[in-house]
There are 2 protein chains.
Amino acid sequence: MVNADKPGAGRSGRPRAGEERLSRQAILEAALRIVDDEGLEAMTMRRLAAALGVNPMSLYHHLPNKAAVFAGLAELVFAGMDNATAPDDDVDWRTELTRAAHAYRNALRAHPNLALQVLADTAAVSEVVVVTVEPFYRALDRAGLPPRQIFEAVNTLIDFIHGFTLGEASVRADTFELAPDLLERVSKLQPGQAPTLARIVGALGADGLHYEFDDGFETGLSVFVDGIATRFGL
Amino acid sequence: MVNADKPGAGRSGRPRAGEERLSRQAILEAALRIVDDEGLEAMTMRRLAAALGVNPMSLYHHLPNKAAVFAGLAELVFAGMDNATAPDDDVDWRTELTRAAHAYRNALRAHPNLALQVLADTAAVSEVVVVTVEPFYRALDRAGLPPRQIFEAVNTLIDFIHGFTLGEASVRADTFELAPDLLERVSKLQPGQAPTLARIVGALGADGLHYEFDDGFETGLSVFVDGIATRFGL
DNA sequence: AGCGAAATCGTACAGCGTATGGATGATTGG
DNA sequence: CCAATCATCCATACGCTGTACGATTTCGCT
C-alpha cells in the first residue's frame, strides 16, 4: 500500500511535518464538544476519534486511557473559571467570598453534562483545582481568620457548592416545578408517614411552588456566610 | 433436552412452584453485596446473574435494565436510614437537626462504593427519599421557621451533606493526610500563583496536617446551624 | 383438557476500551 | 549523506458489556 498523497488524508504512518492531526489539547477540545453537544455517554474513544478524523488507537499516543480524557476535561472546566477579577483590597470579605463562590459554581455550570463527572473526579484532580480555591482562602484570610478555621470554612463552603451543583446538574433546568415532582410524591405517602413534610409542602402550595436554582444558591450561600461569621466571630 | 430433575438446578423454562430463584428483592440484595464487596464496576448483569446462579437474561423479568438495578440500590440505601429515633418533643431544634443530618450521612456512608451512584441518581429517586427528609422538616418546623424558609434551609443542608459525602466517598478513608495530597500540590505551584493558599497551608503545616472527616462534618454542620440561627433570628 | 401468562435459558449482536504490531515519515548522530 | 531511532498513525483482534429475540417449561385458570 503506497502513497495516495492527498495532503491530510487517512494515510497510515507518521504524518508529514505540519500535518499532525492530534495533540492532547485538540483531543480534549473535541471531547469537550462531544460531551457538551451529545452528553457524557456519547463520549467514546471511537466517537472521539471519528470527530477528529482519526483512528481510535491514535488517541492513545497522547492520552493513556479514557479516564485520562475525563481528567483532562475536568482540568479544562476549572481552567475556565473566571478568576480574572483582580484581587481588590477594598471590598469586604463577604463580597469577596461570595464572588469566589459564584465563579466556582459558574465554572461547573458551564458544561452541565460534565459536572457530575468532574465532581466525582475532583479529589483526584491536578494542580488546577488547587489554584481554584485561592480566592476563598484570600477572602477569609483578609477577614482575619486563623489558618485552621480558614481551612475548615473553605471546605464547608466548597462542599455546599459541590452538593448544590450536583442537584442542579441532575435536574438539568434553571427552574424546577415542585408541583409535579415533590408535591406529587408527598401526596402518595400514607397519611402518618411524613406529617411535617406534608404540612409544609401543603403550605408552600399556597404561594408559588416555583423553585429557581439561582435563588436557592444565593440563599444557601448566605446561610453559610452568616454561619462562618457567627461561628468564628467575624 | 429433557428433565435432569435436580430440584433447583439450571433447568430451562419456568421453575416449579416454590422453586423461584429470583425476585426483585433477592436481585437487589445480591447486587448490593457485589457493590459492597467488589465495587461499582464489578456489578455487571452477568456477574449479578452468576451470583444468583441464574442466566443473565432472567434478571430482565424482574428489572427492566441495569439502571433500574442501581435505582433499586439507591432505595435500599435510603431505606436503611436510621429513622428509629422516636420524635422527641423535648430536645431543641439544633439537636434534632444535627441528629437528622448524621443519620442521613451515615446512610450514605454505609455503602461507600455506592455513594457516588446514589448521589448522581438522587433527583430521580422514588418516594423513599421523600420520607427521608421528614426529620429535617420537623426540626425546623419546631424551631418556628415559616414554610418557605424551612424548604430553603433543608435544601441547603442536604446539598452540603451531599457535597461532603461526595468528597468523602472519593477519598475513601476516615482520615486524610494533607501533607502528601494538598501540601505537595501547593508546593508545585509557581510562587505568585496562589500566595494566600500557600501561606495558609504552610501555617497549617506547623500544627498537624491531619484531617478527620468526622470533624469536618461536625464543623460544617455547626456552621450551617449557626447560619440558620443567625439568618432567621433563632 | 386446554390456554395464556410467567419465569427461565440459549443464542446472538452491536458496541465498548484497549493490547499488539506494523507502516511511514521526522529527527538525530556519525 | 546515510543509518538508526523515534514519534505518529492505522489495522486487526480480544474479551467484555448490555440487552433484543425467541424457545422452553411450568403455573394458574377456565
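Note on naming: letters A, B, ... go to the chains in the order of the sequence lines (proteins, then strands), and numbering restarts at 1 for each one.
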Practice item. May I have the distance from B:L59 (atom CG) to D:dT19 (atom C1'), rounded to whole angstrom? Key: 11 Å
Check your understanding: Would you say A:T44 reaches C:dC16's phosphate, i.e. side-chain N/O to OP1/OP2 under 4.0 Å?
Key -> yes
Practice item. Tell me which nucleotide among D:dT12, C:dC16, D:dA20 gets nearest to the side chain of A:M57. Key: D:dT12
Check your understanding: For the rings on B:H102 and B:F217, is their centre-to-centre separation under 6.0 Å?
Key -> yes
Check your understanding: Roughly, in whole Å, what's the span from CD in B:E20 to P in D:dT25?
Key -> 18 Å
Exercise for review: Send over the distance from A:K66 NZ to D:dC16 C1', rounded to a whole Å.
Suggested key: 14 Å
Revision key, fill the gap. Regarding the side chain of A:N55, the nearest nucleotide among C:dC16, D:dA11, D:dT19 is D:dA11
Review point. To the nearest angstrom, how far is B:L63 atom CG from D:dG18 atom P?
Key: 13 Å
Review point. Given D:dC6, D:dA20, D:dC10, which nucleotide is nearest the side-chain atoms of A:V54?
Key: D:dC10
Check your understanding: Is the distance from OP1 or OP2 of D:dC10 to the nearest side-chain N or O of A:H61 less than 4.0 Å?
Key -> no
Revision key, fill the gap. Between CE of A:M45 and P of C:dA19 the distance, given in whole Å, is 10 Å
Check your understanding: Between the base of C:dG15 and the side chain of A:R46, is there any donor-acceptor pair under 3.5 Å?
Key -> no
Practice item. Could you pick out which residue, B:G13 or B:M43, lies toward the 5' side of DNA chain D when each is mapped onto its nearest nucleotide? Key: B:M43
Review point. What about the rings of B:F78 and B:Y104, do their centers lie closer together than 6.0 Å?
Key: yes
Exercise for review: Determine, for B:R199 against A:E134, whether the closest basic-nitrogen to carboxylate-oxygen distance falls under 4.0 angstrom.
Suggested key: no
Point to revise | Salt-bridge present (B:E38, B:R33; N to O < 4.0 Å) | key: no
Check your understanding: Taking OP1 and OP2 of C:dA26, is either one under 4.0 Å from a side-chain nitrogen or oxygen of A:R14?
Key -> no
**Study point:** A:R21 side-chain N/O to D:dC10 phosphate OP1/OP2 under 4.0 Å
**Key:** yes
Exercise for review: Report which part of the nucleic acid A:S58 touches: base, sugar-phosphate, or nothing (heavy-atom distance under 4.0 Å, all strands).
Suggested key: base
Point to revise | Ion pair A:E168/A:R105, N-O distance below 4.0 Å | key: yes
Point to revise | Length of the CD-C1' vector between B:E19 and C:dC9, whole Å | key: 15 Å
Exercise for review: Select one nucleotide: of D:dT19, C:dT18, C:dC16, the one nearest the side-chain heavy atoms of A:P56.
Suggested key: C:dT18
Practice item. Starting at atom CG of B:L48, determine the distance to atom C1' of D:dT17, rounded to an integer number of angstrom. Key: 14 Å
Review point. Mapping A:S23 and B:N65 to their closest nucleotides on DNA chain D, which lands nearer the 5' end?
Key: A:S23
Check your understanding: Whole-Å distance between C:dG17 P and A:R47 CZ?
Key -> 12 Å
